[in-house]
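In what follows, every chain begins at residue 1, and chains take the letters A, B, ... in the order their sequences are listed. Only heavy atoms go into these numbers, but all of them, side chains included; no hydrogens, no water, no symmetry mates.
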Number of protein chains: 4
Amino acid sequence: MTKPVLRVGLIGSGFMGKAHAFGYGAAEKVFDLPFRVELHTLADASPDLARNAAETLGFARATDDWRAMVSSPEIDVVNITAPNALHKDMALAALAAGKHVYCEKPLAPLAQDAREMAEAAEAAGRKTQVGFNYLCNPMLILARDMIAAGELGEIRSYRGIHAEDYMADPNGVWGFRHDPAGGGAFADIGSHALATAEFLLGPISRLMGDTLTVIDQRPDGQGGHKAVEVDDIGRAFVRFANGASGSIEASWIAMGRKMQHDFEVYGTKGALLFTQERFNELHFYSADDPAGRRGFRRIEAAPDHPPYGRFCVAAGHQIGFNDLKAIEVAGYLDALAGKAPEPFNFRKGLRIQSLVEAVHASSRAQAWMDVA
Amino acid sequence: MTKPVLRVGLIGSGFMGKAHAFGYGAAEKVFDLPFRVELHTLADASPDLARNAAETLGFARATDDWRAMVSSPEIDVVNITAPNALHKDMALAALAAGKHVYCEKPLAPLAQDAREMAEAAEAAGRKTQVGFNYLCNPMLILARDMIAAGELGEIRSYRGIHAEDYMADPNGVWGFRHDPAGGGAFADIGSHALATAEFLLGPISRLMGDTLTVIDQRPDGQGGHKAVEVDDIGRAFVRFANGASGSIEASWIAMGRKMQHDFEVYGTKGALLFTQERFNELHFYSADDPAGRRGFRRIEAAPDHPPYGRFCVAAGHQIGFNDLKAIEVAGYLDALAGKAPEPFNFRKGLRIQSLVEAVHASSRAQAWMDVA
Amino acid sequence: MTKPVLRVGLIGSGFMGKAHAFGYGAAEKVFDLPFRVELHTLADASPDLARNAAETLGFARATDDWRAMVSSPEIDVVNITAPNALHKDMALAALAAGKHVYCEKPLAPLAQDAREMAEAAEAAGRKTQVGFNYLCNPMLILARDMIAAGELGEIRSYRGIHAEDYMADPNGVWGFRHDPAGGGAFADIGSHALATAEFLLGPISRLMGDTLTVIDQRPDGQGGHKAVEVDDIGRAFVRFANGASGSIEASWIAMGRKMQHDFEVYGTKGALLFTQERFNELHFYSADDPAGRRGFRRIEAAPDHPPYGRFCVAAGHQIGFNDLKAIEVAGYLDALAGKAPEPFNFRKGLRIQSLVEAVHASSRAQAWMDVA
Amino acid sequence: MTKPVLRVGLIGSGFMGKAHAFGYGAAEKVFDLPFRVELHTLADASPDLARNAAETLGFARATDDWRAMVSSPEIDVVNITAPNALHKDMALAALAAGKHVYCEKPLAPLAQDAREMAEAAEAAGRKTQVGFNYLCNPMLILARDMIAAGELGEIRSYRGIHAEDYMADPNGVWGFRHDPAGGGAFADIGSHALATAEFLLGPISRLMGDTLTVIDQRPDGQGGHKAVEVDDIGRAFVRFANGASGSIEASWIAMGRKMQHDFEVYGTKGALLFTQERFNELHFYSADDPAGRRGFRRIEAAPDHPPYGRFCVAAGHQIGFNDLKAIEVAGYLDALAGKAPEPFNFRKGLRIQSLVEAVHASSRAQAWMDVA
Ligand SMILES: NC(=O)C1=CN([C@@H]2O[C@H](COP(=O)(O)OP(=O)(O)OC[C@H]3O[C@@H](n4cnc5c(N)ncnc54)[C@H](O)[C@@H]3O)[C@@H](O)[C@H]2O)C=CC1
Ligand SMILES: NC(=O)C1=CN([C@@H]2O[C@H](COP(=O)(O)OP(=O)(O)OC[C@H]3O[C@@H](n4cnc5c(N)ncnc54)[C@H](O)[C@@H]3O)[C@@H](O)[C@H]2O)C=CC1
Ligand SMILES: NC(=O)C1=CN([C@@H]2O[C@H](COP(=O)(O)OP(=O)(O)OC[C@H]3O[C@@H](n4cnc5c(N)ncnc54)[C@H](O)[C@@H]3O)[C@@H](O)[C@H]2O)C=CC1
Ligand SMILES: NC(=O)C1=CN([C@@H]2O[C@H](COP(=O)(O)OP(=O)(O)OC[C@H]3O[C@@H](n4cnc5c(N)ncnc54)[C@H](O)[C@@H]3O)[C@@H](O)[C@H]2O)C=CC1
């Protein structure tokens, strides 16, 4: 039986554009996908950029006209990995043309825009995906399942963070992540921390934010400077609907940190510790272990933890960052084929966006806010 | 030249009473103290308790009458390791009798009481010490000195926590730490996290608290139950006078955690990571290391880091928790001899108490508070 | 400019067969390969196995007749991932047909066979590759370069190990790795430890072996048992031509270990520690760091460490096990295109095989042996 | 009931002399000793050294005549912490005078001397102790008990090491540890690794050694140089009487290592990992844990692990190096009081010495040797 073909149009070929292309490539071999993937067209900001990237990444065609591409009848799904401010126009155009859309996070700079996108997708009856790839980690899936199965008992508290240092240097040039509309550390990576928190513990119901601008101007890349208004550091107290309390933190100026997407979950019967710095491990404390033999157990990713076994039949060999994207692709394609629900659709992307905005609004108001 | 004698009266012989006795014993051998220490009298809640403890811990006399002891002309310094609610009466009585006083943290359940104690000490011209022993760690002293010397550049952010799980079991009996006046996780151990934060970065100027009661009743030890009002978990956003922002957290129900007194400090030129779980190590990231060779450096405690060398001439052999108390004793005795300022006197103990109360007040008010 | 096509024939689709297929897929996108790779034919033990694997792994054709495939004029390079005992016949046939050959380790069960293969390759003027993928890790390349550049000073000692537990269960069925001719833990994974040792420090000149059989029979998979003669644990003292001494260890019954491919290198000016359990890190101690600031530095894989940046533009995101294979593929293809020397050809594979045999011979003779 | 007095005479006040004094001090408070300890006399190489040390360490008298001290009727037990070459004369003199003797390791430079000492102690009916303090660690006691109780199943293999870097600098001056008779890394610290190995797994029955001199001359402290013949690095393959195989390693030039007294034990049902760098932890893997939940469990020292609870009633607070000596003192005093067997007497000290010599003899002979 031959598989139906899925024709992919990708917009952007930077950090994430490459990750999407790698993800499709790996997913086709690693998983039993419901489609044969055809990397049809790559759109980028200029013809040259597009042509070079298409060649390297294995796309058959290249264009600098994303509008043409997203409405072409030859495309089934549009992947958006362009800067945040462009997500909305691109997604709406693609949806209007009847395409499925796989868009990088954050869905849009503003929650209002994200809402329009989610509603457009639902109205069009198209399937969508937002790129919260850390959730695709077998160890996060394990953590979520352990929590859901009650292995930690009732959850009491949570501590989540996403910190890196790629903006630590004040001489780093002003970029799209500094856009006053929807930029900043909490939108950029705090969003990952929020997504992980809700993935594991369910909805946040209330929060109190505290966001700060530390570096208030940056070189504009043309010899001058540009003011920066967005946050470099953000923190939030949170309450979950399940009764647990917690905190979420984001920083892109945490000198020395490259990938501190970490969490700690404490329950009545156990606890979990995780750091993305060693993301093939999950540390589990069980109060049910015998006295004198308790301790945090370093569980290494193994075929016991799907879909790790797809990548490697032997435990402890480890998957890489790009493999997370392959898992994301596979999950989305199952949804496109109607074999599974959408793993993280625009509605969920909107949810994260709303949480980010609530953190900022609460910080400005210096008051707790409901987010139910 | 013979040293003057310092006659010690100790109240209490529980966890901390023992630690004080061990501390005096070790300090005398490890340091060149300005006094010959005489463990004169141990006071406890009953004659039997006192006698047994005096014998084991090496005190010459025992009593169940701490009032008599603190006013005896044969005592020079009074060590208070009784439950929190007794600290004030004991300290005031001792100060009134002209004694120096070395009191466990928290100085008193209420800041108002702590203030009275600090003022009494100053009025009496006596020297005082509060038991924030974690500050005595050579690696914390190193951290403070590195920060002060600018090795991290300008400090941008801070993340402090003190979490343990000794109250995680709801069947743990109601005790003095649950006293509605001044009890709770933030007072008990959040105070350590606050002390460490200010030790390293200087004064906190503003904060926003969030404290919660998770286990709202406990066995009263007599077949019934008693309501619990104090916090099991507490969090705070903070601003430091030096401009840095941060967070402080406390939990005594963090299942699996035995000694998570941790911090992370991020500056413009470097960072420090520390966990009390491995308190003979300090992890240092220097942005000045050559490209491709940067990383957090695990510095092991060594004679380079005073006063570690007093305990051991060889690096990496490690000091223990009780050794922190020996360092505390030695620092206080130097102050008593006029050779150094008081390391952490009642005024500083009051400061921590005020911060704890501000966290609670801010939490109740759901509003930021100045603490300058 | 269109790239020349490289038509790949793969034999085997188990653990390593998949890894090769994944490796080609990723390499094409991640690297700028000198060829366009065509996954031409997959050969396996039966038509069904071959057909299914070809479909999943993206090969155009399938066959159960590897002999036909390796001599087909439509194939340029033959990848051998079949059981060890088949490597020789397959490789010789492929070389005889003028193909380049990329064979999994160990090159052949016996050094004599490996020698024949190396000589055949050289006689045929074909380019070869053996699958010692751990050497493709950017952190191992970094380690090698640091040592070569003298950053550790003169090397004094080495401690290498490769231990896993996949054979720890005595009820694990007899398989090709238990073949008396060339099987055993030292051949299977000790070979990796030897390859890493020589990769980092240069040639071993003398060694003394100690290999043991712990589990001396295993189920034969048909209700009976089969005797096992090969080693489960092996150790060796070694001397390197550069004057350093060291030890190498291998175990496939190290309960709890999934991927302990570790080394420690000590020099006059510094040291390196590495574990494959966290293979995106390298720990570096520099005696040149200032006093009181020395310690092992956890360097995280980053674009500073080629070819990491090919996979990800951001530091600390981590590559996975399969990515090592992609790097191996890319290096080999550069060699095939004449752009670089063969990274690890049959001659080098033979070298490792000779070392393994020397370990066994020395163990039997209970005597040191030269291996120069 | 008043306790009998134990009058201690200590020879030496360097690294270990201090540790003994600290140990007595702490042991008296921490344990319920069967004696009241009187630090009677301290003997050192000169009157000044002795007097200063006596004062600091709390000994009542000082002398530069150890012979007079060890035969004085006022001394009950003699502690020897002088350089290795003096151990024998001192111990024999003390035993001849009817004293109990507590001698630092190695018992004597040569096994023949150690044998004389052990026999003298037995003939005199005196109780003895050798200072292998690492065995006093609650986590090593736990490890031994777990192994004995079968929690790891049958033991298959062992990997022990003791490496530091205090001799890494070739400009470090020639000292007693370089004495051709009985000096060297294996005698000095390899002895610790051997003691730990036999403590955990029982007797070694066969071994094959490999010891090397790396730094072959050192400054003599007087402007010249002195040849060094003793080993800087030593390795041994071992067989245990219980059937397990293993390796032991020692190095005092392992740049960057301060206290790598580590072991790994692998059994049929589990494994243990330990490093003295974090000696309040023991890592335990149990194959009996449920699938998908297995991993090395970081057990932190706690009151569950005697005698930790003597030092601290709370888990995870950690003991220090000097506390190991206090435990050693307490165990020996119990033996002196007839309440327990001698923990590690001269006979056992001789055993370790014989093993060290066997390692050297085997290395010279380049042949395996029985050591039963
Ligand atoms: N899921 C994750 O872990 C990550 C997600 N992201 C997200 O991915 C998105 C892209 O970020 P990066 O890849 O880091 O940025 P990038 O700057 O590396 O790449 C952006 C790409 O978009 C292209 N582009 C810009 N304007 C365009 C236009 N008008 N038409 C077509 N193409 C255009 C650029 O030429 C470039 O190829 C962002 O939304 C970001 O938040 C980024 C990094 C990690
Ligand atoms: N610095 C640190 O790291 C720590 C400080 N603490 C502080 O030490 C103090 C004592 O705590 P623990 O030692 O854990 O308590 P504990 O309950 O172990 O000991 C309290 C002692 O006070 C005695 N006591 C009670 N009432 C008395 C009375 N009326 N007269 C004389 N003695 C009386 C008890 O008999 C007992 O000996 C508290 O303030 C606590 O916050 C406690 C643990 C750690
Ligand atoms: N570089 C590395 O890290 C690793 C290397 N290896 C090496 O890879 C090779 C294969 O090992 P695995 O993949 O683990 O074995 P496997 O048993 O998983 O796969 C072997 C494959 O060879 C096929 N095969 C068997 N007989 C055949 C025949 N006559 N004709 C065609 N195909 C045949 C099997 O059907 C199967 O597809 C071995 O030489 C092994 O040492 C294995 C694991 C890791
Ligand atoms: N158990 C352990 O972990 C350790 C054991 N040791 C052992 O302890 C012993 C001493 O080593 P360290 O304390 O490091 O040496 P050290 O050089 O620091 O101290 C030796 C002491 O012996 C004194 N001494 C020398 N000659 C003397 C004489 N004729 N009469 C009286 N005293 C004399 C010295 O003045 C000095 O006080 C050695 O046998 C060593 O192997 C040393 C370090 C650690």
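A:Lys325 and A:Glu104 are joined by a salt bridge, as a carboxylate oxygen and a charged side-chain nitrogen come within less than 4.0 angstrom of each other. At a threshold of 4.0 Å, the pair A:Lys105-A:Asp188 counts as salt-bridged, since one of the basic side-chain nitrogens sits closer than that to a carboxylate oxygen. Taking 4.0 Å as the cut-off between side-chain N and carboxylate O, C:Asp289 and C:Arg297 count as a salt-bridged pair. Taking 4.0 Å as the cut-off between side-chain N and carboxylate O, C:Asp44 and C:Arg51 do not count as a salt-bridged pair.
For A:Asn52 (side chain) and A:Leu49 (main-chain N/O), no donor-acceptor pair under 3.5 Å exists by modelled atom type.
Interface remark: C:Phe22 contributes backbone and side-chain atoms alike to the contact with chain A (heavy atom separation under 4.5 Å). Looking at C:Gln260, neither its backbone nor its side chain comes within 4.5 Å of chain A, counting heavy atoms on both sides. When heavy atoms are compared at a cutoff of 4.5 Å, A:Ala315 approaches chain C by way of both its backbone and its side chain. A:Leu57 touches chain C through backbone and side chain together, each having a heavy atom under 4.5 Å away. At a 4.5 Å heavy-atom cutoff, C:Tyr24 makes no contact with chain A through either its backbone or its side chain. Residue contact with chain C, scored on non-hydrogen atoms closer than 4.5 Å, involves the backbone and the side chain of A:Phe311 alike.
Aromatic rings of C:His317 and A:Phe321 (six-membered ring for Trp) have centroids within the 6.0 Å cut-off, being under it.
Atom CD1 of A:Ile189 is separated from atom CD of A:Glu249 by 10.5 Å, given to the nearest 0.5 angstrom. Atom OG of C:Ser286 and atom CZ of C:Arg293 lie 14.5 Å apart (nearest 0.5 Å).
Contacts from residues 298-309 of chain A to chain C, taken as heavy-atom pairs separated by less than 4.5 Å, involve A:Arg298, A:Glu300 in sequence order.
For the options A:Gln276, A:Glu281, A:Glu164, A:Lys18, heavy-atom pairs under 4.5 Å to chain C are most numerous at A:Glu281. Contact count versus chain A (heavy atoms, under 4.5 Å) is highest, among C:His261, C:Glu28, C:Glu277, for C:Glu277. Chain C forms more heavy-atom pairs under 4.5 Å with one residue of A:Met259, A:Arg278, A:Lys258 than with any other, namely A:Arg278.
Between A:His162 and A:His192, the ring planes lie parallel to each other; the angle is under 30°, not in the 30° to 60° tilted range.
When A:Tyr102, A:Phe59, A:Phe15 are each tested for a ring pair (Phe, Tyr, Trp, His ring centres under 6.0 Å) with A:His20, only one passes: A:Tyr102.
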